[in-house]
Amino acid sequence: MKFESSYEPNEIEAEIYAAWEAAKAFQPKIAQYEGTEAETADAFSIVMPPPNANGNLHLGHGLTVAIEDSLTRYYRLKGKSSWYVPGADHAGFETWVVYERALEKVGHSRFEYSRDELYAKVWDFVQQQRGNMELQLRALGTSCAWDDLTFTLDENVVSRVYKTFERMFNDGMVYRGEKLVNYCTKHQTAFADIEVEHKDEDGTLWDIQYGPLVVSTTRPETLFGDTAVAVNPKDARYKDLVGKTVKLPLTDREIPVVADEHADMEYGTGCVKITPAHDYDDFEVGARHNLARIRVIDDAGRMVGCGEPYDGLLALEARQIVLDELKKQGLLVGEKKITHAVAHCYKCGTVIEPTLKEQWFIDVKKLAKEAIKHLEKDEIKFYPEAKKNVLINYLENLKDWNISRQIPWGIAIPMFHKVTEDAEAPEWVFDTRVNLQEIEIGGVKYARDEDTFDTWFSSSHWPIVCTDWLEGKENPYYPLNVMETAGDILFAWVARMIMMGVYVTGEVPFREVYLHGLVLDAHGKKMSKSKGNVINPMEMIAKYGSDAFRLGILRGRSAGINQAFAENSVAAGRNLCNKLWNISRLVQSIVDEEAGEGAYTTENMGEDWICRELNDCREQIERDMKEYRFSEAVETLQTTIWDKYADWFIESQKIYRNASLLKVTLEMILKMLHPFAPFVTEAIWQNLSWTKGMIIAEQWPEALEFDSISAENFERLKEVVTEVRTTYAALPGSYKNKKFGLLYGDDSLVDDNSLLIQKMSGAPTINTTNGQPRGIRLALANHEIYLDAPEEVVKDYKEALTERILAVGRELDALNARMMNPRYVEKAPAELVKETRDGIEEKTKLIERLKGELEVI
RNA sequence: GGAUCUUUAGCUCAGCUGGCUAGAGCGUACGAUUCACAUUCGUAAGGUCGCUGGUUCGAGCCCAGCAAGAUCCACCA
């Protein structure tokens, strides 16, 4: 690496990352189950929400990593044994969809193969595609413990999931039930409620004559599965019909009329057809009235058991024929256009067919109740705070969780059902020999359940499996310090991790939750492939550098809010990196000339001042990191490095050099920026002549010693310099920005720092007035300084001076108005009132002085 | 239908427990410039803090209502 005149990230990032990995810099200091008690109190742990093993990273991952890695690096510098566990997701259904599509492209169907064959094929498919994601995490500078990478199908994950499942089974929390499930006829699998997308759609509500009654329905084709008509028990119109039967159109069946609250007297005719096998409400009604469940649509979405000409038709095709037939028979008595919510498969958009299936369900009542108990005790702190109650509300209304999926790519459900006739033996047995299709226990044969687990069932174990939590062993890394993830998987993932963590370990799985919002495009719209507004983080890194990307994506972002991605923030990040690079080059060149061995001391106001500012910056970052205010931390660093360190301190050091202080302050800045911009800070650290080792392994800086009165005096000096610059820029007409020399009266601050004032304000000369002031007197700074301008310019400056008097007058008026209010003086804190009084005094004096100047002119 | 969030400069956003003249980045205007940096330096312009009330000595911030936008949840035939 060379200190070139600009920072070129692409040339050195890979090299630096490789050096970190080679030095094992990402591994935690304390091994699990080993440290002393005092040491384990100093552990920091965080796990990565596992990106899809065979996918590419998107901007959301970029944000996740920028946040998580900044936290990890910060706490590492703070001396904690930081463990950032990376992961890779087999992404059950997601991957399966991609694979199935590929299979279809070459003219094959999943139904040609056994589960084991398919599993092996997808495994190979994933292995081929794998690796990109991990390379991209490295490009982002992720300081995660690669040795501990957890894949969601790893042995320890599967065995832990089986353990939990077995325990739940024995605890009676798992049951096999025939219920209606959300079923996608395209993918031929069931979904959890959470995986279904509801969309408002236009539909038709048809009125159909059922004997003496008229029912309203949006799904006439399901009438073959009707086993009753329901009316409201309070509905006087149909009172006499309850208990009687009516003839089901297009069939020979008679079905009963039942009284049930489900029927809304206000809606339609007040009569509802009941199809327990194909509608959630009807299922409930059927259960209450002991009605039969007749399936008329099969797993492929085709009509079944309805006779000719319906059988074999898709439900939608059958609907039209049913309508035609009803019309012909004069039974279709009305239709109305309506808008209603329709459930769709979140992946392919196919309308979800509620289907009667035997599946494994988890009774979530106990799990949710326990989780709520811990949440209400505030054992987990949420960022943003409001999400806690949103989560509790969700848990309170949670329904039983269907965990069976009819896809081969996933963790096999370790259950076998009895095939030999034996009344004594249980119907189902738990067994982990899922590689066998059939097992024998005590002479009884059992066949494997061909389903796999819902991915969220296994991923709810993520904090447990990533930290290798074990029964009865102290684990310094569990619970995690923080769970960082996207706000939109609060229910699907965070809720389930909490329930499972509490169930398995008795403790909440993490102490804090930080939820980030979506990364939207520049105009605040959701990014999607179909809109073509997707930005690839790797392109940003190639263009601006990894640090710039991280700084840029953290800018302007706060917990839980969906925010636009601004490429110019990334450019700003790159500029900051380059600025720091050049600051370092200059500091190095001064150190080369001045040596600066030994401890630092402060020797002038500017030096005291920068110490104060750096200390403030350090404290600010500590506060920000505690509260997860990354944007503020980055902004504070930007201001401190650029506006304070470079623009004032470094400029002053061009005149008064203090190499030992330059060294210590630059080191402090590098360490403070390191969590957010790891590459450039490490690159500079490696380039500086006096630093040793790697910055990643350094300690967070200590506060600097300084003289606070001297530091405050530097503010006065800054005011003087700024005033000179402003006055130059405000000179009239063609004299604008003409640099006249400076003259100053009897003033020790100016006298002691005349050279600094001259250089920093760009004045060609600076001299004392020798008791003979002339030119333009600087107005606002409380010091006697003049621009040595000729008389004509001074006259023309009159206008600007008048404007200033007016401006100060307006401020004075505002302060006076406040003091005129007796209740302000009475009720406001004394300190504030005093400040106002002082302000009035100061401004009054200033106006007098300005007016005096005006008269002189 | 229920819930949550957002609304501050041209754009994207800060503004932590209410307190003097509301900030940043980018953009804009004017000016500078061999020697750390044009990925630079200096100066400036630009805001009735969505609207209407209320509480308070004092409101961008607290309370109530309204409007617009976004997201999540929900089985309405």
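Scope of the values below: all heavy atoms of this structure, side chains included, with no hydrogens, waters or symmetry mates. So you know, we letter chains A, B, ... as the sequences are listed, proteins then strands, and number each from 1.
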Contact class for A:Glu842 (heavy atom, under 4.0 Å): base, sugar-phosphate, or nothing?
nothing
Look only at the side chain of A:Asp547 and the backbone of A:Val680, and say whether a donor-acceptor pair between them is shorter than 3.5 Å.
yes
Touch class at under 4.0 angstrom, heavy-atom based, for A:Gln563 against every strand present
sugar-phosphate
Does the A:Asn232 side chain pair with the main chain of A:Asp264, one donor and one acceptor, at a distance under 3.5 Å?
no
A:Leu662 CG to A:Gln588 CD distance, which is reported to the nearest 0.5 Å
11.0 Å
In whole Å, measure the gap between the C1' atoms of B:U6 and B:C13 for me.
12 Å
Examine distances only and state if a side-chain atom of A:Glu201 and a backbone atom of A:His340 form a donor-acceptor pair shorter than 3.5 Å.
no
Which is true for A:His523 with a 4.0 Å heavy-atom rule: it touches a base, it touches only sugar-phosphate, or it touches nothing?
nothing
Need one value for A:Ala263: base, sugar-phosphate or nothing, where a base atom within 4.0 Å counts as base even if backbone is also close, heavy atoms only.
base
Identify each atom pair where a protein N or O and an N or O of nucleotides 68-73 of chain B are less than 3.5 Å apart, giving names and distance.
none

Consecutive-pair stems (at least three Watson-Crick or G-U pairs, under 3.5 Å) that include RNA chain B
B:1-7 with B:67-73, B:10-13 with B:23-26, B:28-32 with B:40-44, B:50-54 with B:62-66
Ignoring hydrogens and angles, write down the donor-acceptor pairs under 3.5 Å from the side chains of residues 812-833 of chain A, residues two or more places apart or on other chains.
residue: A:Asn816; atom: ND2; partner: A:Leu812; partner atom: O; Å: 3.4
residue: A:Asn821; atom: OD1; partner: A:Arg823; partner atom: N; Å: 2.9
residue: A:Tyr824; atom: OH; partner: A:Thr836; partner atom: OG1; Å: 3.0

